[in-house]
2 protein chains.
Amino acid sequence: MPRTKRGTAPSIRDVAAVANVSVPTMSRYLKDPSRVSEKKRVAIAAAIEKLNYRPNPIARALALDMSESIAVMSADTRLYGRTQTFYGIERKAQEIGYPTTIYVLDSRGGDWMLGSVRSCLDRSPAGVILIDYDRLTDSVVSHIPTTTPLVIIGGPRHEDRAQIHLGEYDSAYTMTKHLLALGHATVHYVAVPSDVDAREDGWRMALSDAHVPAPAPIATTWDAEKAIAIGQQLGNDDSVTAIFAGNDEIAMGVMRGLAIAGKRVPEDVIVAGFDDHTLSRVWNPPLTTIRQHFDEAGEHAVTMLKQQIDDVVNNRPRGEAWTMFDTIAGELVERESTGELVRG
Amino acid sequence: MPRTKRGTAPSIRDVAAVANVSVPTMSRYLKDPSRVSEKKRVAIAAAIEKLNYRPNPIARALALDMSESIAVMSADTRLYGRTQTFYGIERKAQEIGYPTTIYVLDSRGGDWMLGSVRSCLDRSPAGVILIDYDRLTDSVVSHIPTTTPLVIIGGPRHEDRAQIHLGEYDSAYTMTKHLLALGHATVHYVAVPSDVDAREDGWRMALSDAHVPAPAPIATTWDAEKAIAIGQQLGNDDSVTAIFAGNDEIAMGVMRGLAIAGKRVPEDVIVAGFDDHTLSRVWNPPLTTIRQHFDEAGEHAVTMLKQQIDDVVNNRPRGEAWTMFDTIAGELVERESTGELVRG
DNA sequence: CTGAAAGCGCTTACAG
DNA sequence: CTGAAAGCGCTTACAG
């Protein structure tokens, strides 16, 4: 005799028995009630209500080879942009009934990362969202079959995939132009760690367009504390009057360093950041920055993904939702850290 | 004829065929190789290698009524403590091979929350970790069967469950004592939004023990910007010389408000926070606070949960791992925001 | 519209 | 130690 385990939850068979229909009819009803006669429809509805039946997602996933959940791949989830993006994804995903599973792609090496990707794919998620603020894409995207719904947020363009673009190049260009227009000879850039930094590129192009020589960008890490030393160093150089940091946390570190060096912001040096971190408007002085709509990007990614998922569910071929390229642009937010320059 | 779909991935049957063993033998090998004869063991290993076989977690989950994943329930994941805790969980969970699925318990009402909990339970996670920094516990814990592995982080004690305690009461007590010892007549408290706030209780007890009357605590929200107005207000009251904020972000808002009101920190007013936010050491001036080991708490929760999961897997009854109560205490970190008071 | 049958890829008693 | 059988709870052609 087989197991008699049976959890306490009613199965589709139990409901079918109560409603006096076959299991396949139950299944059809679950997928689309209109595929069942009115009479059975009410009987089934009553039985479901009576037994408080909820379909077993795991059994469904096995039969369909597709689980009703969204996988999110991202590096370190503690960084501001990722946290916000993940929040947007989460909220929207939950709204459409998909739980969100996270796979952290960390730097323990490519093999380890590939292991995460495989572990993810083995679980047949309905779709995958890749947060690529670190340019991890190339080592990951190729391992995701083109038949799996996928939306990439950020990163270099993949022509055959759906992707969301944050317009960082344009924003950085705009910011740099803005800082120059405030009357500064040049703008120094403190770079976030990334192989390909669109922010840096935008800064460079703006300087170039203004015929201003670009000072060497200063490299730092994601750790804001590291930026304090950079701020001090820049503060000791009186020729430095405008600093553009790759993100707000770095800008904050730089401002702290400037304070230690005895420089006032914005009187002696102006500082701008990028992202519009929650604390930027609370900083002393409040930080001029580029507002990035991370949560919106996350929500939009889910919407795009859902269209692809629907294609799969309805056996349609890859439609245009699979290669869309949408931009969710940032915008300049001016605050006191770039208040008018007061010269000696 | 049935479907001929069959994904490209090899199934246990394919491997069994290649290795010339039965499917059940394969299954036994997968669970514990020692249950299979040496000869078959090598044949199976070779076949697995050859076909690059990886067991289907969904099929396994259906058969076992338990999926190899950990569910995390939390309110707004963007708040600092939760992000950090989630990171610790994630990292440790991935280390032991369990992906992490998040279920956000938001404030869209109890019914909605209950829906999330049910949706979670329907997917039979191996275990659940509940981050209860908001005192959501009571409305959720009772819906999680005592047979489901569960670890609660924070929140009021549930005697029959495993739980991790952050020692906030003690930390707040210590901090308040410390601030008083710096020579202040009293300490004002700006409260985080929570029905039951151990931090507030610790502050109150410290004042009481020092025979100092407690000023009315000032309520605020999670939004640091709101705290700016509070800071201004406190700054306009010259009798206020020491402020203890319920978390660092609020402390930062308060400091900004004090600056607007023309008060210097720490010369005129000292300020302390709670959590040791990443940016606290970068703030100008750096913030005295209580360092909370959120990531460690998250990792520890996974370790505790794993023990319970092992009990379930091995058909053991609820052991002591199911009702453990461990503390991961915070510690005072002194920085410049509470530097010695200079009286005019 | 509807039911009997077969299948998704695993696991677990049951007999050897 | 090992294989044949039955089952986990769904879905999908296939015939009515």
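So you know, we letter chains A, B, ... as the sequences are listed, proteins then strands, and number each from 1.
- An OP1 or OP2 oxygen of C:dG3 is reached within less than 4.0 angstrom by a side-chain nitrogen or oxygen of A:Lys40.
- Among the atoms of the strands shown, only primed sugar atoms or phosphate atoms (P, OP1, OP2) are found under 4.0 Å from some heavy atom of B:Pro55.
- Atom CG of B:Asp65 is separated from atom P of D:dC10 by 11 Å (rounded to the nearest Å).
- Shortest non-hydrogen contact noted between A:Thr101 and B:Pro99 is CG2-CB, 3.8 Å.
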Dot-bracket for DNA chain D, 5' to 3', counting Watson-Crick or G-U wobble pairs under 3.5 Å, with [ ] for crossing pairs and | for inter-strand pairs? |||.||||||||.|||
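- Remark on DNA chain C: of its neighbouring residues B:Ile58 and B:Arg35, the 5'-side contact belongs to B:Ile58, judged by nearest-heavy-atom nucleotide.
- At the phosphate of C:dC1, neither OP1 nor OP2 sits under 4.0 Å from any side-chain N or O atom of A:Arg41.
- In this structure a side-chain-to-backbone donor-acceptor pair under 3.5 Å is missing from A:Arg28 to A:Val36.
- For the contact set between residues 22-33 of chain B and DNA chain D, defined by any heavy atom under 4.0 Å, the members are B:Ser22, B:Pro24, B:Thr25, B:Arg28.
- Nearest to the side-chain atoms of B:Ile12 among the listed nucleotides D:dT12, D:dC10, C:dT11 stands C:dT11.
- Ion pairing of A:Lys306 with A:Asp310 is present here, as a side-chain N (NZ or NE/NH1/NH2) and a carboxylate O approach within less than 4.0 Å.
- When each of B:Met73, B:His165, B:Arg161 is paired with B:Ile152, the side chain to side chain contact (heavy atoms under 4.5 Å, CB included) condition holds for B:Arg161 and for no other.
- Pairs of residues two or more places apart, or lying in two chains, that qualify as ring-ring contact (aromatic ring centres under 6.0 Å, His included) and include a residue from residues 120-151 of chain A are A:Tyr133-A:Phe294.
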